[in-house]
Amino acid sequence: MTDRPDTPRLTDRAEAARQQRLAREAKALRANLRRRKQQSRARTAPPADPMPDSSDISSNEA
């Protein structure tokens with residue numbers, strides 16, 4: 001059998017790339033969560049500015 005360590009060793013360059021990838025993934029996950037929360041709030045909140053009736057528009061034009 002060959003002598004192998006129990007855990008694989010990464011080079012400094014590979015470890016730096018791994019850390020950058022993990023940071024990008026974490027940033028993307030935070031942005032996704034923020035977007036999903038915003039969508040959820042928009043679905044549950046009542047409309048801020050209700051649309052006026054067509055009769056209101058015609059009376060303003062006169």
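Numbers here are sequence positions counted from 1.
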[atom1] of [X]: more than 12 outside heavy atoms within 6.0 angstrom?
X	atom1	answer
Gln38	CD	no
Arg21	CZ	yes
Asp12	CG	no

Exercise for the section: Check each of Arg36, Lys37, Arg43 against Ser40 using the side-chain contact (heavy atoms from CB on, under 4.5 Å) test, and report the only one that passes. Expected result: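 The single option meeting the side-chain contact (heavy atoms from CB on, under 4.5 Å) with Ser40 is Arg43.
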Handout entry: Inter-residue atom distance Leu22.CG - Lys27.NZ, 0.5 Å rounding
Key =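 Going from the CG atom of Leu22 to the NZ atom of Lys27 covers 15.0 Å.
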Exercise for the section: With rounding to the nearest 0.5 Å, note down the distance linking CZ in Arg18 to CD in Glu15. Expected result: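 Between atom CZ of Arg18 and atom CD of Glu15 there are 5.0 Å.
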